[in-house]
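Atom set for the values below is all heavy atoms of this structure, side chains included, hydrogens, waters and symmetry mates excluded.
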Amino acid sequence: MRNLPVVIQRGSAPHRALQLIGVLALAGGYLVVVDVLENFSALRWATALTLAIAIQGLNIVTGYSGQISVGHSAFFGIGAYTTMILVADHGWPFLATLPVAGAFGFIVGFVLGIPALRIRGLYLALITLGLALAFPAIIKSDNFFGIDFASLTGGSNGMSITGGTVTSVEGFRWAPPSWAPDSWTSNDWIFTTLFLIAIVLFALTSNLVRSRVGRGLVAMRDNETGAAVSGVYPAQYKVLAFATSALVTSIGGGCFALAATTIGPDTFGLQRSIEFIAGLVIGGVATILGPAIGGILVEWLPYWAFEIDWPIIGSLQGPQAGILYGVLLILIVFFMPGGIVYGLRFLRAKFLVIVPRLPASRVATPIAAEAGEPELTPSSPSGAPAVLASTPVQQPQGEQS
Amino acid sequence: MESLPALLAFPGIEDNFFTLTLFLQNLTNALANGAVYALMALTVVMIYKTTGHLNFAQGEMAMFCTFVVFVLAIEQGLNVWLAIGIVVIAAMIVGAAFERFLIQPLESRSVLAPVILTLGLFFVLNGGAATIWGTQPKTPIPAPFPGGLDDKIDVITDRAPNFFITYKALGVWITVAVLVILLNLLLKRTKLGLAYRAVAANAESALIVGIPVKRMLMLGWALAAGIGAIAGAIIAQYRNVLDFNFMGAVLLFGFAAACVGGFDSIKGAVFGGLLVGIVETFAPALFTFVGNELALVMVLLVILIVLYFRPQGLFGTKRVERV
């Protein structure tokens with residue numbers, strides 16, 4: 001038997017093969033949802049994807065720049081309402097509304113970020129808490145500094161993408177295109193669309209956090225003074241990171257409008273924000289894959305908790321879902337500070353270690369020999385993996401699942 | 001309309017606002033609401049001063065305590081103040097235990113970990129209360145102060161809207177005043193308070209001169225939990241509601257008050273609370289273009305303005321960082 005862990009180099013043939021397996025697994029998962037599972041669940045998986053996108057947005061600000069936002073439900077709502085209003089009341093094509101949704105989110109994030117992020121501390125958490133509580137009130141308001149939002153958004157009645165608040169525009173259906181297989185339902189097509197959008201956004205985020213800006217953010221998160229001395233302007237970086245994160249979450253919200261088909265103000269309250277945070281923390285903070293896992297959990301956990309009759313505990317009731325989230329959060333913070341992704345990486349590191357490709361000038365052998373515990377394994381010196389322990393961990397895998 | 005000076009008949013201004021009794025009634029409401037927020041802000045400050053954390057579960061801890069007061073006072077028939085006393089002591093022990101067993105192990109981690117933990121605690125307490133006591137509002141609400149319809153002091157009775165002050169509102173003010181005096185005595189006149197302030201000023205130096213820093217962090221949580229228990233019972237009576245969500249918005253306004261006043265200042269908590277109460281009540285009453293439900297937005301605006309011009313809050317200490 002060979003010695004474990006196996007060490008392979010990033011970019012080498014075995015690493016490429018692993019990445020290919022990851023891509024194939026992703027494609028396989030897609031086919032299972034579209035072809036194997038029941039029709040209704042395609043829509044739930046589509047919703048899970050929109051939540052995953054939103055959580056990825058939160059990840060940019062919470063995971064990579066270390067600021068807590070409790071108000072991403074509002075950005076999610078801004079995106080959803082923008083898309084909904086443009087599609088249902090103005091007859092825009094769905095895809096064209098997403099940039100507008102993102103732009104609105106970016107602007108609001110930018111304006112709120114300036115006072116909140118100029119100074120150190122938990123001010124962003126505070127302001128975004130206010131935002132989360134205020135957003136449903138603003139949506140329902142018929143007198144917001146003279147603006148009648150209720151007539152635009154349907155107030156407490158909410159909106160439907162097929163009819164909008166006014167029924168003047170012909171009903172909207174995201175029907176499969178002519179080239180699609182006959183077996184595809186509208187739900188399958190929604191899932192396919194959102195699947196592709198999610199992949200694009202995840203890839204963009206992955207590139208962003210590995211760019212110069214992303215490295216600046218991580219440096220600032222781990223040591224703000226040190227980063228500032230090295231030429232990272234904390235205020236600028238934080239505000240831009242927050243605005244970008246709002247942009248991504250707003251696009252997620254726009255996608256949510258398509259998957260949910262009807263939305264109301266209370267879909268976007270504090271509860272939703274906490275779900276995002278829970279999803280991010282449970283999935284894996286500061287990882288690209290964590291939000292995907294988080295989105296799936298946030299969508300399916302209540303279903304598993306409420307609708308499945310478990311042995312011993314039975315199925316849970318109303319407010320007990322809150323307890324479930326709370327206990328999960330506390331357990332994760334204590335026992336798996338990096339969330340599921342770091343747990344998986346920890347397991348993988350026992351069998352397989354991926355090391356970066358070395359610069360040509362350096363000799364490979366001495367490094368490879370001591371690669372048993374290199375910087376890439378997810379353990380930080382304290383034994384606690386992950387961002388919650390403030391250790392910058394490089395992404396060993398991008399699109400691999 | 002005709003009786004008003006021309007200057008006041010301004011577009012967007014509610015003319016009724018300047019009717020004397022109405023104005024006074026608004027003012028008392030604003031100050032009583034503000035005192036409620038000041039209570040919550042005090043709990044926020046007690047924890048922030050030493051640990052630098054925001055406890056998002058603060059409101060839910062107070063909510064849970066209020067339910068226990070309800071059980072003791074209404075279901076078991078104890079005297080309300082005795083029940084509150086018992087709950088305050090229990091809350092202080094539990095608060096210290098939370099700090100010791102849930103927060104202290106996370107001290108070496110990033111600032112995210114305690115925040116996420118208190119969010120988790122928020123849900124456990126919220127869902128726990130809903131599971132134990134149900135989701136329906138409880139009645140009757142334990143009444144620390146006389147709360148009947150006639151329990152009020154009539155000040156102006158000779159014109160159309162009367163002006164009176166209820167005992168409930170008086171009770172909130174008295175509670176805030178007594179708590180602030182007691183806290184000041186504790187912090188300024190006792191050795192324990194001196195140690196607490198030393199930790200708040202500089203934990204490392206305090207450790208070097210032999211102050212048990214970790215005990216002081218527990219003291220901060222214990223004080224916050226105790227004040228929260230009193231605040232919960234009083235807020236439930238003042239707002240006339242006791243259900244598992246009744247502290248949600250109050251906590252936000254408490255955070256806002258602490259933020260406006262300065263997170264490390266007791267004086268700031270009180271003034272911040274009153275200011276937030278005034279903005280919350282007066283903005284919709286004064287401006288026709290601010291709907292009632294937008295009080296929250298106005299308060300958010302106040303936070304933003306204060307943070308923009310005076311980030312440390314009105315009474316807070318500016319933090320200077322050494323490298």
Side-chain angles (χ1 to χ4, degrees), chain A residues 62 66-68 70 112 114-116 118-123 125-127 129-131 133-134 137-138 140-147 221-222 224-226 229 270 274 277-278 281 285 317-334 337 382 384 387-390, chain B residues 12 48 52-54 56-57 102 105-106 108-117 119-131 135 244 248-249 251-252 255-256 258-259 263 287-297 299-300 303-309 311-312 319 321-323:
Chain A
T62 297
Q67 298 279 325
I68 281 266
V70 201
L112 286 177
I114 290 173
R118 234 165 30 113
I119 32 185
R120 247 188 249 193
L122 289 167
Y123 293 96
L126 183 75
I127 286 184
L129 176 67
L131 181 67
L133 290 173
I138 295 176
K140 287 182 217 166
S141 169
D142 55 1
N143 189 8
F144 179 74
F145 301 101
I147 306 169
R221 175 192 77 197
D222 294 334
E224 187 168 326
T225 315
V229 169
L270 184 59
I274 306 287
I277 295 177
V281 170
V285 180
Q317 308 285 326
Q320 288 164 343
I323 305 185
L324 186 73
Y325 276 126
V327 169
L328 267 179
L329 276 180
I330 294 175
L331 287 180
I332 289 275
V333 166
F334 271 99
S382 65
V387 164
L388 295 174
S390 276
Chain B
Y48 189 88
H53 296 152
L54 290 184
F56 285 88
L102 293 180
L106 305 178
S108 58
R109 304 257 206 88
S110 80
V111 71
L112 287 189
V115 171
I116 289 164
L117 189 108
L119 283 175
L121 210 52
F122 174 100
F123 272 98
V124 172
L125 290 173
N126 186 283
T131 309
T135 50
F244 70 112
L251 179 68
L252 175 71
F255 275 143
C259 175
F263 273 113
F287 301 111
T288 52
F289 54 85
V290 177
N292 261 329
E293 68 283 8
L294 292 184
L296 204 65
V297 182
V299 172
L300 198 59
I303 302 182
L304 288 176
I305 292 168
V306 167
L307 283 186
Y308 205 85
F309 291 104
Q312 71 271 31
R319 289 203 165 184
E321 199 107 6
R322 287 187 192 197
V323 183

Show the nearest heavy-atom pair for residues [X] and [Y], with the distance to one decimal.
X: B:P311; Y: A:Y123; answer: O-OH, 3.4 Å
X: B:L304; Y: A:P115; answer: CD2-CG, 3.4 Å
X: B:V124; Y: A:V327; answer: CG2-N, 3.7 Å
X: B:G120; Y: A:I330; answer: C-CD1, 4.0 Å
X: A:I68; Y: B:V115; answer: CD1-CG1, 3.7 Å

field: Among the listed options A:S141, A:A137, A:G226, the residue most often paired with chain B at heavy-atom distances under 4.5 Å
entry: A:S141
Going from [atom1] on [X] to [atom2] on [Y], what distance comes out if it is rounded to the nearest 0.5 angstrom?
X: B:N126; Y: A:I274; atom1: CG; atom2: CD1; result: 10.0 Å
X: B:F255; Y: A:L129; atom1: CZ; atom2: CG; result: 6.5 Å
X: B:Y308; Y: A:I114; atom1: OH; atom2: CD1; result: 6.0 Å
X: B:T131; Y: A:I323; atom1: OG1; atom2: CD1; result: 3.5 Å
X: A:L112; Y: B:I303; atom1: CG; atom2: CD1; result: 11.0 Å

task: Decide yes or no for A:I332 and B:I116: does some side-chain heavy atom of the first lie under 4.5 Å from some side-chain heavy atom of the second?
output: no
- request: Tell me, with the steps shown, if A:F334 and B:L102 meet side chain to side chain contact (heavy atoms under 4.5 Å, CB included).
  value: CA-CA 9 Å; A:F334 271 99; B:L102 293 180; 3.8 Å; yes
- prompt: Contact part of B:L54 toward chain A, heavy-atom cut-off under 4.5 Å: side chain, backbone, both or neither?
  reply: both
field: A:L126 vs B:F263, side chain to side chain contact (heavy atoms under 4.5 Å, CB included): CA-CA, chis, key distance, verdict
entry: CA-CA 12 Å; A:L126 183 75; B:F263 273 113; 4.0 Å; yes
